[in-house]
2 protein chains.
Amino acid sequence: MTIKEVSEKYDISQDTLRYYERIGMIPPVTRSESGIRNYTEKDLGWVELAKCMRSAGLPVEAMIEYVRLTQEGDVTIPARLKLLKEQRESLLEQKEKIDATLERLNYKIGRYEIAAKTGKLTWEQEK
Amino acid sequence: MTIKEVSEKYDISQDTLRYYERIGMIPPVTRSESGIRNYTEKDLGWVELAKCMRSAGLPVEAMIEYVRLTQEGDVTIPARLKLLKEQRESLLEQKEKIDATLERLNYKIGRYEIAAKTGKLTWEQEK
DNA sequence: ATAAACTCTGGAGTTCACTCCAAGTCAATA
DNA sequence: TATTGACTTGGAGTGAACTCCAGAGTTTAT
């Protein structure tokens, strides 16, 4: 699969795909003899994983480390497990923050819906 | 309340507090005659709101707009309601992405926990 | 009253995660 | 076979959100 096709399939720019590879966020992609990228199923798996992690807001640094560890073979399995658990933890924390903010937004929206009808605010202060 | 106290109370650097005020993410803070910030309860309410929104990952730009609208009085109530709903929508989307990634991480962690015991991976490819 | 600690502003610097560009190579089509 | 379009690299540029700094003014403690 060419970089163009991968770019369209996953809605990631070609520049970003090359960037991810360059920084080691995905392992080196398979190439033709002339050096042109030819993504295999395996390569696509990495691209998709990278996209998923980034979309959740996990840092590229974490993915780079994970990829690096996988390159070093089975001896790094415990390290990879640790890394994955840390990332899970940080996502759970982020989710907490989002939930707290959602509650707050819902409260404010409720207030504003009343206010939008009466044309006046029914409270004094932002909170 | 001095900037130092506010900084400690909310765990936001003094530089960031000044920055938030400068860009309009919070309204101008009350000052002493000599120009030194003296945060009132109301000011603190804004600081805390800003911190909450930012911790959930909402853009500074959205808060700036919200603050700007509140300065313009009750006529902007519908606009503020719209803004709040948009931000809620984006948080819900972000939460979806986090949940998808959490599922994925949980799957991988499950695999790695088996692998950590056997010392060998029981699957072929990243997914 | 003078040092020490705190605060002010404007502007420059940093980090992260891309994004764009130039100059060159390669592949497909008229 | 010529040209058009896609691909390559290395490096520079961008936008968001801080973060740091210099130089100056203010407040507190001895």
Side-chain angles (χ1 to χ4, degrees), chain A residues 1-26 28-40 43-44 46-47 49-68 87 90-91 94 97-98 101, chain B residues 1-26 28-40 43-44 46-47 49-68 87 90-91 94 97-98 101:
Chain A
M1 211 170 190
T2 68
I3 195 167
K4 189 181 187 198
E5 289 163 339
V6 177
S7 166
E8 280 159 8
K9 173 160 181 168
Y10 293 106
D11 196 30
I12 303 175
S13 80
Q14 300 183 28
D15 271 320
T16 300
L17 285 168
R18 293 192 198 96
Y19 166 73
Y20 281 176
E21 185 177 352
R22 184 167 52 188
I23 65 174
M25 196 170 146
I26 58 176
V29 169
T30 316
R31 307 280 186 127
S32 71
E33 283 124 57
S34 54
I36 287 176
R37 289 175 183 81
N38 183 13
Y39 291 77
T40 63
D43 294 325
L44 294 185
W46 282 107
V47 168
L49 181 64
K51 179 181 175 159
C52 179
M53 300 296 138
R54 286 296 301 128
S55 80
L58 291 178
V60 301
E61 201 37 65
M63 261 306 275
I64 291 172
E65 177 68 1
Y66 180 75
V67 168
R68 200 183 62 69
Q87 298 315 307
S90 90
L91 283 190
Q94 189 52 28
K97 285 174 190 154
I98 288 177
T101 305
Chain B
M1 210 171 193
T2 69
I3 195 167
K4 188 180 187 197
E5 290 164 339
V6 178
S7 166
E8 280 160 6
K9 172 159 181 168
Y10 294 106
D11 196 31
I12 303 175
S13 79
Q14 300 184 28
D15 272 319
T16 299
L17 286 168
R18 293 192 198 98
Y19 165 73
Y20 281 176
E21 185 178 352
R22 185 167 52 188
I23 65 173
M25 198 169 145
I26 58 176
V29 169
T30 315
R31 308 279 186 126
S32 72
E33 284 122 58
S34 56
I36 286 175
R37 289 176 184 81
N38 182 14
Y39 290 77
T40 62
D43 294 326
L44 294 185
W46 282 107
V47 167
L49 181 64
K51 179 180 176 160
C52 178
M53 300 295 140
R54 285 295 304 127
S55 79
L58 291 177
V60 160
E61 201 37 64
M63 261 307 274
I64 293 173
E65 176 68 359
Y66 180 75
V67 169
R68 200 182 62 69
Q87 299 313 308
S90 91
L91 283 191
Q94 189 52 29
K97 285 174 190 154
I98 288 177
T101 305

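Because only heavy atoms are used, hydrogens play no part in the values below, and waters and symmetry mates are left out as well, while side chains stay in. A, B, ... follow the sequence lines: proteins, then strands. Residue 1 opens every chain.
- In this structure, the CD atom of B/E33 is 12 Å from the P atom of D/dT26, given to the nearest Å.
- Annotation: side chain of A/N38 is not in contact with side chain of A/R31 (no heavy-atom distance under 4.5 Å).
- Atom CD1 in B/I3 sits about 13 Å away from atom P in C/dC6, given to the nearest Å.
- Between B/R31 and D/dG25 there is no side-chain polar atom (N or O) within less than 4.0 angstrom of OP1 or OP2.
- Contact annotation: the side chain of B/V6 never approaches that of B/I12 to less than 4.5 Å [non-hydrogen atoms, C-beta and beyond].
- Rounded to whole angstrom, the span from the OH atom of B/Y39 across to the C1' atom of C/dC6 amounts to 14 Å.
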| note | Under a 4.0 Å heavy-atom criterion, the protein footprint on nucleotides 22-29 of chain C, written with B, S and -, is ----SS--
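- Residues A/P59 and A/Q87 form a side-chain contact, since some pair of their non-hydrogen atoms from C-beta on lies under 4.5 Å apart.
- The interatomic distance linking A/L58 (CG) with C/dA17 (P) rounds to 10 Å, in whole Å.
- Counting only heavy atoms from C-beta outward, the side chains of B/R22 and B/R18 never approach each other to under 4.5 Å.
- Between B/Y20 and D/dC18 there is a side-chain N or O to OP1 or OP2 distance below 4.0 Å.
- Among the protein residues, A/R37 comes within range of the sugar-phosphate backbone only, with heavy atoms under 4.0 Å from sugar or phosphate atoms but none that close to a base.
- DNA chain D is contacted by both B/R54 and A/R18; A/R18 maps to the nucleotide lying nearer its 5′ end (nearest heavy atom per residue).
- The side-chain heavy atoms of A/E21 and A/L17, taken from C-beta on, include no pair separated by under 4.5 Å.
- Protein atom NZ of B/K4 is 16 Å distant from nucleotide atom P of D/dT27, rounded to whole Å.
- Using a 4.5 Å heavy-atom threshold, the side chains of A/M1 and A/L44 count as touching.
- OP1 or OP2 of C/dT19 sits under 4.0 Å from a side-chain N or O of A/T16.
- Inter-residue side-chain proximity for A/M63 and A/L58 is flagged as unmet; no heavy-atom pair is nearer than 4.5 Å.
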Pairs: protein N or O with nucleotides 10-14 of chain D N or O, under 3.5 Å:
{"from": "D/dG10", "atom 1": "N7", "to": "A/R22", "atom 2": "NH1", "distance (Å)": "3.4"}

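- With hydrogens and angles left out, the side-chain atoms of A/D43 and A/T30 include a donor and acceptor closer than 3.5 Å.
- Atoms CD1 (B/I23) and C1' (C/dT9) sit 16 Å apart, rounded to a whole Å.
- The side-chain heavy atoms of A/T16 and A/Y20, taken from C-beta on, include a pair separated by under 4.5 Å.
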